[in-house]
Structure formats: C-alpha cells, structure tokens
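What follows is a set of notes on a single structure, which appears directly below.
Numbers here simply count residues along the sequence, with the first being 1.
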Amino acid sequence: MSFKIKKRLGFFVAICFFWALAFGRAGAEEPVVSIEPIIVSASRTESDLLTVPMSVSVVDKIRIEEHFTGANTAEKLLEVPGVSLYTQGRFKPGNNSMVNIRGQNPWRVLYLIDGIRQSSPFKEDTNKGLLNVDPLDIERIEVIKGPASSLYGSDAIGGVINVITKKGGEGKPVGGRVGLTYDGSNQGFQPSMAIYGDTEKFNYRLSGSYQSAGNRRSAKAGRLDHSSFKTESFLGQFGIKFDNGTLDFKFTHYDSDVQEPPFNFENKKFKYYKKNSPPITELSVFPKNQRDSFQSKLTVNTLSNYLEEFSILVYYQEIDTVQQGNYQNVVNHYNGEFRSMLEDIVNTYGATIQTNWSFGSHKVILGFEYLYDDLHSHTVSPTSNYFIDADQTTKAVYIQDSWNIYGPLTLIGGLRQTWIELGLNRFTLIPDRETKLKFDNLVGNLGLTFAVTDNFVLRGQYSQGFRTPDLASKLTGTSYIVPRTDLGPEESENYEIGARYYDGDLFADVTFFHDKVENYISANYLYSAQGHWFWDYVNTSEYESYGLELAVSYRIGDTGFTPYGNITSLHTKFKEKVTQTETKNNGTPRAWGAIGLKWEKDFGDSGRFFSDAALRISGGSKLSSSRLGVWHVKEAGRTLDLTLGFQYGQESQVKAMLSVKNIFDKEFEASYFYYPGRHVLLTVLYSF
C-alpha cells in the first residue's frame with residue numbers, strides 16, 4: 001500500500017506556513033545563534049540542535065560519565081523522553097537491554113555505532129546486545145524519535161539510536177585514563193584503560209575494558225540464579241589531519257558471555273497455564289555475542305564554491321551470536337529436559353558516499369549507500385539440525401534540501417529511494433531450495449523550523465518510515481512458523497510539532513506527535529497439531545500512537561543547582577484485522593518520566609564536587625492479545641537514584657563517583673526494563 005504523499009505533504013506544508021505566518025517575521029533580522037550550541041549529526045551533517053526539525057535527544061559524555069555510572073549503555077537512555085528499555089530474559093531481569101521508542105519495540109528501531117548498522121536484516125533473534133559499548137568510550141548518544149527512513153532506510157520505522165564513540169585525545173600529544181567500576185547489583189568489577197593523543201597532524205586512541213559480573217540482585221527475589229555475565233571491549237582509532245580534511249581508521253571489538261535467568265509461568269497471570277501441569281522453566285544462555293568492526297572514513301572540506309564537503313565511509317563488520325536454551329517440564333512439548341543451540345554469523349560490507357552542497361539559500365545533502373549482509377546460521381534442537389545461508393544487498397540514494405526561505409524560516413525536505421534484494425542460498429531442511437526476492441521503496445520527509453528569537457525555535461515535521469520483513473518470516477520459517485513469500489514491508493508516517501529553547505541556562509524541548517504504522521506485521525494463528533501452535537505472519541494489522549514528550553532543565557545562576565525533568569505521555573492502539581480485535585495494551589506504560597536535581601561546586605582552580613538525585617516514575621501497564629487476553633500486568637512504580645562525586649587536579653585528574661540505585665528497594669519496571677534491587681555503584685577514574 002503506498003502513501004497518499006501529495007495530499008498529506010500539502011496539508012502539512014499549509015499548516016506549517018500558517019503557523020509561521022501567525023508569528024510574523026519576528027527575529028528575521030538576525031540568524032539563530034545559540035549559546036554553547038548542542039551539536040548533533042542526526043540529519044547526517046553536524047548541526048545545532050535548534051535548527052533540526054526532527055525530534056532528537058542527546059546524551060553527552062559528561063552525562064554518561066558523571067551521572068550514570070555503570071557499564072550498561074542502554075541505561076544511559078533512561079532520561080530520554082519517549083524512550084523505554086526492553087530487557088532480554090522475558091519476565092526476569094537480564095543483562096542485555098534494548099530500546100523501545102514511542103511504544104515501538106526494539107526490532108522497529110535502527111541501532112548505529114559510528115554510523116554502522118547493528119540491526120540484523122535476517123532474524124530478530126540476532127538483535128542481542130545491540131548497545132554493547134563501553135560507556136567510557138562514548139562521545140555522545142543521539143536518539144531520533146519517530147520515522148527516519150528517508151535518511152537511514154529500513155528499520156528506522158520507530159526511530160534511530162546512534163552511538164558515537166570517542167576519537168583522539170584532549171588536545172595534548174599523550175594522555176590516558178585508567179578506571180575501575182564496582183556494581184553492587186551483580187557484585188561485578190570493570191577495569192578499563194585508555195591511551196590517546198592529539199597533534200596538528202594526527203590523533204589516536206586505544207582503549208579497553210573487561211567486566212565480570214555475578215548474579216543480579218532483585219528487590220524481592222534476592223540474587224537470581226543464572227544471571228551472571230562477562231564482557232570485554234577494545235577500541236583502536238587513528239586519524240590523519242590535513243589542510244582541508246581528515247582520514248580516520250577505527251577498529252572495535254566487543255565480546256560477551258551472558259546468562260538469562262529462568263522464568264516460570266506459574267507465577268504469572270497466564271490464561272493457558274494448567275494448575276496440574278509442572279511449571280514451565282527455561283534457561284537461556286548467550287555464551288558468545290561477539291562484534292568486530294573495521295572502518296575508514298575520508299572527509300574533505302571546501303572543494304569548491306558550491307561543494308562544501310565530500311565524505312566516504314567504508315566498513316566491514318562481523319557479528320557472531322550463539323544462543324543456547326535449556327528447557328525443563330515444558331507443558332505440551334516434552335517431559336524432562338532438552339537443549340537447543342542457535343548460532344548466527346552475519347558479515348556486513350558497507351559504504352556510504354555523501355556530498356554537502358551550498359547554493360545560496362539552499363543547503364543540499366546528496367548521498368549513496370551500499371550494504372551487503374551475509375548470513376551463516378546453524379540450528380540444533382531435539383527435532384531438527386539444519387543450516388541456512390542467505391544474503392541481502394541494499395542500495396539507496398538520498399537527498400535532503402535545507403532551504404532558508406527568509407530570515408527565521410527554513411524548510412527541510414528529503415527523499416530516499418531504496419532497492420533491496422534478499423536471497424536464500426541454502427536451507428538444508430528443504431534441499432536445493434534457492435529463492436530471490438526484490439523490493440524497492442520511496443520515502444520522504446518534510447520539516448519546517450521558525451526562529452521566534454535567537455534561542456527559541458518552533459518546528460514541525462512529516463516523515464515516513466519502512467521496515468522490511470526478516471528472513472524467517474518471509475522465506476525459511478521455524479519449527480512452528482510457516483513462511484510467506486508475499487509478506488510485504490511495514491510502512492509508517494509521523495506528524496509532529498514542537499518547540500525548543502536554549503540560552504545556556506534554560507533548556508526546554510516539547511513535542512506533540514502522532515505515529516501510524518500500516519501493513520503492520522503480526523502473527524496469525526493457523527492451527528494446532530500434536531500440542532503445538534502453528535503461525536504465519538501477515539500484513540493486516542495497524543499500530544497507532546500519539547502523545548507528548550517534554551524535557552526541561554534550568555541552571556540557577558551561580559548556585560550550582562540545576563533542576564531537570566522529563567515526561568512522556570503515550571497512548572497506543574493496535575488493531576488486528578484478521579481477528580477484528582483492537583487493544584490499547586501493548587505493555588508500554590501510558591506515562592513515565594523522571595525529575596531530578598543536579599548540583600556542582602568548584603573549590604579553587606583544580607577541584608569540583610557534583611551530585612545528581614533522580615526520581616524515576618512509571619505508570620502501570622497491561623499486555624494483551626486477541627488469543628491470550630490480558631496476560632501480563634505491571635503495577636505503577638517509582639525509584640530514587642543518588643550520585644555523589646568529586647574531581648581533583650588539572651593536568652592529572654582524579655574523579656570518583658558513588659551512586660546508590662533504587663534507594664526504595666522496590667520492584668520497579670519501566671516498560672520491559674526491570675530495575676535491580678537497591679545497590680551501590682562506585683567508579684574511580686584517573687586521567688593524565
């Protein structure tokens with residue numbers, strides 16, 4: 001189904017122009033100049049956040065290092081409006097967390113690390129630990145909320161998480177850092193170190209960390225057996241600087257060994273649980289989740305009066321994931337115990353060429369992307385042992401024009417054409433089966449910003465997104481899923497208006513949004529046989545959400561105090577056309593947020609104290625489906641975190657931070673993220 005682009009874009013443009021004219025030509029005589037600009041690259045070029053029409057939130061390195069101690073990168077996003085976390089391990093706390101945006105689950109969010117895709121085009125099950133990056137290696141995290149496929153392609157139907165890692169040093173030829181973090185929630189230690197430097201001709205960075213964690217502590221159940229994990233990471237970067245550009249090389253490695261604790265339906269409100277049946281237990285283990293990536297990027301500036309920048313990024317990435325399952329007393333399946341194993345190796349080769357042009361009042365971005373993904377998969381269970389070889393080739397061209405119509409009014413529009421070819425090369429369950437499928441898609445976006453003053457900008461945007469179905473749903477199926485070759489892509493559109501204000505002390509960002517997904521892919525029950533349910537996937541459902549996102553902070557003069565807060569109000573509706581049912585219960589709370597107070601105080605020229613107290617609140621939620629009814633209920637909750645820290649020294653700095661998490665020691669669930677019980681985090685860093 002194609003969108004009615006002309007009608008909807010025309011309506012949106014008319015509304016935006018009316019909105020702009022209602023404010024007159026206020027501020028037209030001066031360009032937007034913000035104090036200490038917040039720089040983002042969400043629009044595929046570095047820009048002041050005030051000038052970006054889309055809904056974007058930024059978590060910078062200071063926020064990461066000082067106010068969110070700990071090794072879980074996903075937890076750094078807890079204070080981003082519109083974002084909730086999803087923890088692997090079903091109903092029990094796990095150690096790999098992913099992200100929901102505006103109620104869209106993690107498989108409808110695109111994950112990037114330094115511009116390299118982490119989302120798998122083949123199976124949702126391979127999306128494990130997509131944000132596995134050492135937080136101390138992160139420069140900033142940018143979160144785009146709402147469809148962003150016109151810039152980033154498939155999977156960006158709900159939004160984009162872009163993790164940008166550090167490079168170079170702190171303006172000196174040789175520097176370094178050593179650190180140690182203790183996490184009381186799992187009695188884990190994480191040592192880390194880095195060496196870096198920056199000169200007129202080059203920069204470099206070498207860093208590494210290792211984490212060994214025991215069983216995770218729950219507020220009610222105590223230590224959860226089989227919830228331990230180990231991780232290791234390494235980053236190497238070298239950059240060459242010349243008169244009008246840079247050439248950067250980067251290598252990253254991440255490896256984890258994770259267990260997920262068993263779950264038991266006996267303790268849940270599960271409609272089909274039989275009281276006389278033995279409890280359902282499962283233990284999932286990820287003994288290998290390894291990512292290695294190599295990338296090189298050339299950037300050249302000011303090539304002519306019109307061509308402002310040329311860049312080319314080439315990269316290779318391998319993700320190797322092994323998942324093991326240990327099942328006992330499974331109702332309607334097997335008596336006793338059985339094991340399963342799944343290994344997926346995905347090799348990705350990619351390149352992006354982008355040019356930035358300037359034609360008077362027009363700033364134009366023109367780019368081309370190429371992506372080749374190669375999958376080798378092996379599955380072993382009591383009933384099957386098979387191999388899958390598949391590949392996917394993606395080509396895309398995109399263009400974006402930022403047109404300064406007059407003074408404070410700027411119109412931003414973009415288009416992206418994508419061509420995808422999915423190939424099933426080997427499937428040993430069905431010998432000699434080879435299948436090629438092709439797909440192409442055109443999406444667009446149109447945004448408007450209006451600078452009321454130098455520091456106050458109104459914005460609006462219409463954007464489209466799409467997501468192609470994965471290999472299992474479309475071609476191979478599973479033991480209980482029947483594939484459908486006619487399964488098409490999901491398509492979404494988003495309308496939002498908002499405002500941003502930033503003057504160095506006060507920051508405020510508010511967004512009203514409405515998202516709708518058509519051709520939503522959902523499971524369709526076919527029949528049952530020998531105690532098993534059999535399904536396929538269909539494009540007959542719709543998902544709709546609307547709501548409010550608000551973030552505000554204010555630095556109170558010279559007092560050192562900065563109160564801040566954020567709130568998300570979200571209403572969702574999911575309609576299953578096959579069963580003619582509708583539900584508003586998708587497991588995401590109707591409202592959640594946080595309020596906090598930061599404080600910092602300098603003493604002398606070389607010392608500083610800082611603190612952060614954050615109260616997190618989450619409303620209750622329900623999860624329901626047409627077949628199971630309401631089968632998971634979460635109560636409203638709240639928790640309080642407190643961080644204290646100090647920094648001493650100029651050339652050689654010592655930084656220490658102590659955090660007490662979940663002070664109330666309550667079972668706190670924010671969407672599908674399960675907070676551990678009360679615990680202490682301690683981080684000590686020494687920089688030279």
- Task: Write out all pairs satisfying salt bridge (charged side-chain N to carboxylate O under 4.0 Å, His left out) with one or both partners inside residues 190-210, taking only residues at least two apart or from two chains.
- Result: Asp198-Lys241

- Between Glu343 and His376, is any side-chain donor less than 3.5 angstrom from a side-chain acceptor? no

- Task: Kindly compute the distance separating CZ (Arg117) from OG1 (Thr394), expressed to the nearest 0.5 Å.
- Result: 7.0 Å

- Value for CD (Gln295) from OG1 (Thr252), rounded to nearest 0.5 Å, stands at 7.0 Å

- Might you point out which heavy atoms bring Tyr210 and Pro191 nearest each other, and give the distance in Å? O-CD, 2.9 Å

- Item | Results of side-chain contact (heavy atoms from CB on, under 4.5 Å) for Val314 - residues two or more places apart only | Ser296, Ile312, Ala351

- Note on the structure: Interatomic distance, OG1@Thr45 vs CD1@Ile365, rounded to 0.5 Å, equals 5.0 Å

- For Lys250 and Thr165, run side-chain hydrogen bond (donor to acceptor under 3.5 Å, both in side chains): C-alpha distance rounded to whole Å, both residues' side-chain angles, the deciding distance at 0.1 Å, then the answer. CA-CA 10 Å; Lys250 184 174 288 187; Thr165 61; 2.7 Å; yes

- The reported gap from NZ in Lys166 to CD in Glu139 (rounded to nearest 0.5 angstrom) is 6.5 Å

- Message: If the threshold is 4.0 Å, N to carboxylate O, is there a salt bridge linking Asp183 and Lys661?
- Response: no

- Task: Start with the C-alpha distance between Glu142 and Arg140, add both sets of side-chain angles, then the distance that settles salt bridge (charged side-chain N to carboxylate O under 4.0 Å, His left out), and finish with yes or no.
- Result: CA-CA 7 Å; Glu142 298 180 4; Arg140 67 181 184 270; 2.7 Å; yes

- Rounded to the nearest 0.5 Å, how far does CG of Asp114 lie from OH of Tyr315? 11.5 Å

- Audit row: Phe238, Tyr204, ring-ring contact (aromatic ring centres under 6.0 Å, His included) steps and yes/no: CA-CA 4 Å; Phe238 180 75; Tyr204 65 92; 7.6 Å; no

- Item | salt bridge (charged side-chain N to carboxylate O under 4.0 Å, His left out) pairs, two or more places apart, involving residues 368-381 | Arg44-Glu369, Glu369-Arg416

